[in-house]
Asks: 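After the structure tokens below, expect a handful of questions from me.
Chain identifiers are assigned alphabetically (A, B, ...) following the order of the sequence lines, protein sequences preceding nucleic acid strands; residue numbering begins at 1 within each chain.
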Protein chains: 2
Amino acid sequence: MECTNPLYKNQGIHTVNAIFTIEDAKLKVLLIKRSNEPFKDMWALVSGAIYNNETFEDGTSREIYEKTGLQNIKTKKFEVYSNLDRSPDMRMLGIANICVINCEKVNIIKQTRNTYDANWFDIIDVPTLAFDHSKIFIDAVNYLKEQIYKNDMVRALLPNEFTIPMLQCVYEAVLNTTYDRRNFSKKVLGLDLLKDLKKQEELAGKKPAKLYAFKANINDKKII
Amino acid sequence: MECTNPLYKNQGIHTVNAIFTIEDAKLKVLLIKRSNEPFKDMWALVSGAIYNNETFEDGTSREIYEKTGLQNIKTKKFEVYSNLDRSPDMRMLGIANICVINCEKVNIIKQTRNTYDANWFDIIDVPTLAFDHSKIFIDAVNYLKEQIYKNDMVRALLPNEFTIPMLQCVYEAVLNTTYDRRNFSKKVLGLDLLKDLKKQEELAGKKPAKLYAFKANINDKKII
DNA sequence: TCAAAAGTGTTGACATTACACCCATGG
DNA sequence: CCATGGGTGTAATGTCAACACTTTTGA
């Protein structure tokens, strides 16, 4: 239906997505290069406008798909940005998401209707971003650190079958720290969180590690 | 500026506020009674539409003030509700806040332009609410439990000068549990969080407790 | 002098940390 | 047979939970 109250009219809603992965034991964020004004040729988080006839979640999935080709991404809203001048064209309220993904599973599309490059950036090498995305990016990293203990986030960063050293690597990359290998292993196994798959990874030049999977329907337990 | 893209037009933004306090050692939420359609005569959370020319934070403060008379309330966004049918008049995206307040400091206005009653409800006695506010209320309580360890939330629920038993009462009311008085006290004092004001409360029939205040610029520390 | 509630100290249980040794693999 | 990295055990330390007694106040 048509909006008649002039006080409410002309408000748009942006979905802004900080998409993270772990690659080479480093926390990385997905950036796209804009091919249109405003902020043409600048790197940006994956973002776009929500349509009238879709929920925020549906619009977010659509925007991520259109700009990267990614599907079925786990997202978590974490902040709202409502400065009146955050977008030069019209009043766009920005709702920001953390998204986490196992980058081995996916292929990023680099050229789309509004973008002409896409890449994973180590979070310490992120350039200045379009709009207010630099601020959103910093907030996203901090939020991710706070929330990484949630099992579904950790799950999304790992393949379905993984080893305990891989799990440790996720924690160390996100929290930018190190843990003792033996204590980490002991802690995780004691939480009754993992299913022993009775299989081993196949790798060269070292003792292969055991493969595990998360048990189904586990409540969040803090590993660290 | 005018919005021309029909895909984005006609989206309104609601601020929906679950305002909590501790009264009689119980966690309570502030509800208002609606005097207009839709949902006339039903209880609701404190909510309203954000205007084009104000930030979300400013619009939230304005709505809370207009519907309750309250000012300077600490708010924290926690969720976005975007079902297409959540408001019968037009597409209204709802952004929900947790708000916390020390009810001793304030006076609630019961009659306003759109409401004709307002009251604190023990969270176990909350009736069915207007719009999707019942769902939002439940999410708010859960979020508050998750976040109560943040110092600024606890601060907002207490007067400027408070005793350790009062602090313990806040935790017990929010988390619906009990703690050992001696262990709680020991833990809090060991965190270097509080300033001893070298004063005592003045109360009848019992040993008066020492008064404390939070130290300035303290990072969040989990008491429990 | 009594009831009510606050302050403090000790102990055992449990969790976390630090650290050393052995094992399996591919080259 | 060696380099790499995974698996496991133990002792020291730190944190948390349970619990008893004393203190201060107003009535």
Side-chain angles (χ1 to χ4, degrees), chain A residues 22-26 104 148-149 154 158-159 161-173 175-214 219-224, chain B residues 22-26 104 148-149 154 158-159 161-173 175-214 219-224:
Chain A
I22 311 281
E23 195 180 43
D24 305 330
K26 292 198 172 78
E104 288 178 15
I148 189 57
Y149 69 90
V154 180
L158 288 165
E161 304 189 344
F162 56 89
T163 66
I164 290 180
M166 286 162 74
L167 179 62
Q168 181 174 351
C169 176
V170 167
Y171 275 85
E172 292 184 343
L175 300 175
N176 191 30
T177 184
T178 56
Y179 297 107
D180 181 272
R181 185 171 52 86
R182 298 153 287 194
N183 294 331
F184 187 89
S185 169
K186 211 182 324 165
K187 182 76 185 287
V188 172
L189 291 174
L191 290 174
D192 190 36
L193 214 55
L194 303 183
K195 195 165 40 197
D196 186 343
L197 298 177
K198 310 286 182 195
K199 293 194 285 183
Q200 295 185 334
E201 62 178 351
E202 293 172 24
L203 276 177
K206 63 177 184 66
K207 176 173 176 177
K210 286 191 199 170
L211 285 167
Y212 292 87
F214 280 104
N219 290 329
D220 292 330
K221 293 186 186 176
K222 284 203 184 188
I223 292 173
I224 298 293
Chain B
I22 309 281
E23 195 180 42
D24 305 330
K26 292 198 171 78
E104 288 177 13
I148 189 58
Y149 69 89
V154 180
L158 288 164
E161 304 188 345
F162 57 88
T163 66
I164 291 180
M166 285 162 73
L167 179 60
Q168 180 175 350
C169 176
V170 166
Y171 275 85
E172 292 184 342
L175 299 175
N176 191 29
T177 184
T178 56
Y179 297 108
D180 181 271
R181 186 170 52 86
R182 297 151 289 192
N183 294 331
F184 187 89
S185 169
K186 215 181 320 169
K187 183 79 183 289
V188 172
L189 292 173
L191 290 174
D192 190 36
L193 213 57
L194 302 183
K195 196 165 44 195
D196 186 342
L197 298 177
K198 309 286 185 194
K199 292 193 284 183
Q200 296 184 334
E201 61 178 351
E202 294 173 22
L203 277 177
K206 62 177 186 67
K207 177 171 175 178
K210 288 190 197 172
L211 285 167
Y212 292 87
F214 281 103
N219 290 330
D220 292 328
K221 292 184 186 176
K222 284 204 182 187
I223 293 174
I224 297 292

Asks: Assess whether a salt bridge exists between Lys207(B) and Glu201(B), defined as any Lys/Arg side-chain N lying under 4.0 Å from an Asp/Glu carboxylate O.
Replies: no
Asks: For the side chain of Glu172(B) and the backbone of Tyr179(B), is there at least one donor-acceptor N/O pair under 3.5 Å apart?
Replies: yes
Asks: Determine yes or no for a side-chain-to-main-chain donor-acceptor pair under 3.5 angstrom, with Lys221(B) supplying the side chain and Leu191(B) the backbone.
Replies: yes
Asks: Base contacts versus sugar-phosphate-only contacts with protein, heavy atoms under 4.0 Å: please encode nucleotides 22-27 of chain D as B, S and - from 5' to 3'.
Replies: -BBBS-
Asks: Taking 5' to 3' order, which nucleotide of DNA chain C is first and which is last to have an atom within less than 4.0 Å of a heavy atom in chain A?
Replies: dT16(C) to dG26(C)
Asks: Counting distance only, does the side-chain N/O of Lys187(B) pair as donor-acceptor with the main-chain N or O of Ile223(B) below 3.5 Å?
Replies: yes
Asks: Is the shortest side-chain heavy-atom distance between Leu211(A) and Asp196(A) below 4.5 Å?
Replies: no
Asks: Between Glu161(B) and Tyr212(B) (side chain of the first, backbone of the second, donor and acceptor by atom type, cut-off under 3.5 Å), is there such a pair?
Replies: no
Asks: Reading DNA chain C from 5' onward, which residue's closest nucleotide shows up sooner: Met166(B) or Asp180(B)?
Replies: Met166(B)
Asks: Do Lys210(A) and Lys199(A) touch side chain to side chain, with heavy atoms closer than 4.5 Å?
Replies: no
Asks: How long is the line joining CD of Glu202(A) and P of dG6(D), in whole Å?
Replies: 16 Å
Asks: Under 4.0 Å, heavy atom to any atom of DNA chain C: which of residues 181-190 of chain A qualify?
Replies: Arg182(A), Asn183(A), Lys186(A), Lys187(A)
Asks: Go through the steps to decide whether Phe162(A) and Phe214(A) satisfy the test ring-ring contact (aromatic ring centres under 6.0 Å, His included), and finish with yes or no.
Replies: CA-CA 9 Å; Phe162(A) 56 89; Phe214(A) 280 104; 5.1 Å; yes
Asks: Tell me, yes or no, whether the heavy-atom count around Asn176(A) atom CG, taken from other residues, nucleotides or ligands under 6.0 Å, exceeds 12.
Replies: no
Asks: So, are Arg182(A) and Asp180(A) salt-bridged, with charged N and O less than 4.0 Å apart?
Replies: yes
